[in-house]
2 protein chains.
Amino acid sequence: MAEKIIPDIVVSRLPLYLQALEYLQKSGKTITSSKELGAHSDISAAQVRKDLSFFGEFGKQGSGYDIAYLYSEISRILNVDHVWDVALIGSGYLGHAIAHYPGFVEHGFRIKYVFDNNPAKIGQELGGHIILSSEKMVELIKKDGIKIAMLTVPSRVVQEVADQLVQAGVKAILNYAPVPLIVPEGIRVETVRPILQLEHMTYYL
Amino acid sequence: MAEKIIPDIVVSRLPLYLQALEYLQKSGKTITSSKELGAHSDISAAQVRKDLSFFGEFGKQGSGYDIAYLYSEISRILNVDHVWDVALIGSGYLGHAIAHYPGFVEHGFRIKYVFDNNPAKIGQELGGHIILSSEKMVELIKKDGIKIAMLTVPSRVVQEVADQLVQAGVKAILNYAPVPLIVPEGIRVETVRPILQLEHMTYYL
DNA sequence: TTCTGTGAACCGCTTCACAGCG
DNA sequence: CGCTGTGAAGCGGTTCACAGAA
């Protein structure tokens with residue numbers, strides 16, 4: 001438990017390794033190398049080894065890394081070796097897409113509740129869930145100790161909803177609205193920004 | 001046109017400035033500073049000034065930056081000072097969300113075609129578009145010279161579709177499937193990875 | 001005075017290169 | 001011999017600090 005401080009940039013690459021390992025495992029491999037792992041995540045072999053060495057010695061000199069073992073180790077490091085309950089707020093088109101996408105639950109993120117503030121939607125079914133009123137949001141999230149929320153509400157109400165989520169005890173917010181959120185110290189926010197990704201690419205066109 | 005090579009990391013911050021400027025403009029401001037701009041994009045003031053100085057001298061010493069002017073300059077640099085036609089491939093839940101989201105067209109990305117390979121979907125209407133057969137994809141993209149595509153097809157066919165897009169002349173792909181794409185030199189790919197963003201946050205929980 | 005633009009200093013990440021182990 | 005783990009070197013991005021213009 002003697003956790004040295006790991007550079008955030010290193011942490012941000014671990015999910016990439018996880019994804020590459022998943023792919024390698026599906027292709028029937030059981031052993032890989034830093035070179036191969038790097039090739040599948042667009043990272044240099046030296047970088048892969050250096051990153052992993054922050055957390056321990058997972059490889060075997062001469063042979064490489066056991067894929068299943070390394071996968072389980074990185075999962076443990078990232079805290080994704082168990083299922084997280086997640087609250088989805090906003091049941092528009094994007095909320096629908098998220099609720100029906102199997103990838104989240106396959107990676108350990110299970111939607112527990114879906115909330116919306118539109119009375120016309122409350123009570124409707126969405127991906128196996130009954131859409132609940134936002135008024136019950138804080139109470140239910142508190143009751144279940146939910147720590148992660150996905151936000152697909154309109155930009156103008158995102159901050160307000162985020163404030164409520166923080167109050168309810170949520171510690172990590174995946175924000176799909178194109179606005180920066182202001183949250184207290186200790187709360188993590190990641191924003192999904194496809195438009196920024198497009199604008200990044202158009203520079204080179 | 002004497003383009004010095006700009007670090008990609010600098011380019012990747014320009015969309016953030018654009019977003020911050022948009023916000024500042026909406027709040028009624030006409031002038032800003034590197035400090036304020038940085039505060040709204042979570043970047044240091046020195047970094048903002050350094051980044052902008054790669055492209056020219058947009059500010060006025062003593063007063064700051066004219067928001068409308070800087071916005072137009074960055075738009076020009078990023079090639080988003082005009083509308084791009086975009087092809088959307090895949091009309092599942094995510095395709096629906098994208099087709100109905102107004103943010104893309106507001107930022108200059110107009111969906112021109114929607115393609116799907118599911119016969120049951122072809123001919124149906126989606127966000128003002130008739131869903132077309134994938135068989136017509138290459139032909140139509142070539143005809144219109146479309147350079148940007150958004151991909152919301154299942155992982156197992158992404159690479160195949162991407163290959164066709166490249167063949168059709170597409171130069172930038174926004175990929176929503178959680179798999180790395182292999183494309184020729186000169187083709188840009190950005191992948192939207194919400195699961196990786198979640199896994200990044202769980203590390204700190 | 002304020003705030004930009006920028007060389008220089010600094011810092012941290014990446015790469016190198018090799019000892020060491022299987 | 002192959003490949004990891006890692007100190008050291010190298011490099012590039014960030015921050016500093018200040019000259020200069022409004």
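Residue numbers start from 1 in every chain, and the chains themselves are labelled A, B, ... in the order their sequence lines are given, proteins ahead of strands.
- For A:Tyr23 and A:His40, the distance between ring centers is under 6.0 angstrom.
- Atom CG of B:Leu52 is separated from atom P of C:dC3 by 16 Å (rounded to the nearest Å).
- Salt bridge annotation for B:Lys136-B:Glu139: absent, with no cationic side-chain nitrogen under 4.0 angstrom from a carboxylate oxygen.
- Atom P of nucleotide C:dG20 and atom CD of A:Glu57 are separated by 14 Å, given to the nearest angstrom.
- Side chain to side chain, B:Asn79 and A:Tyr204 fail the donor-acceptor criterion of an N or O pair below 3.5 Å.
- Between A:Tyr101 and A:Phe104, the angle of the ring planes goes over 60°, which puts this pair in the perpendicular group of the 30/60° scheme.
- To the nearest angstrom, C1' of C:dG22 lies 15 Å from CG of A:Asp66.
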Review point. What string of B, S and - do you get for nucleotides 13-22 of chain D, 5' to 3', if B is base contact, S is sugar-phosphate-only contact and - is no contact with any protein heavy atom under 4.0 Å?
Key: SSB-B--BBS
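- For the pair A:Tyr65 OH and C:dG22 P, the interatomic distance rounds to 15 Å; values are reported in whole Å.
- Rounded to an integer number of Å, the gap from A:Ile5 CD1 to C:dC13 P is 12 Å.
- Put simply, CD1 on A:Ile43 is 9 Å from P on C:dT14, counting in whole angstrom units.
- When the C1' atom of D:dT6 is taken as reference, atom CZ of A:Phe55 falls 16 Å away, rounded to whole Å.
- A straight line from CG of A:Leu70 to C1' of D:dC3 spans 14 Å, rounded to a whole angstrom.
- In this structure, B:Tyr71 has its ring center no closer than 6.0 Å to that of B:Tyr69.
- Scored by the salt bridge (Lys or Arg N to Asp or Glu O under 4.0 Å) test, B:Lys60 finds no partners at all (sequence neighbours excluded).
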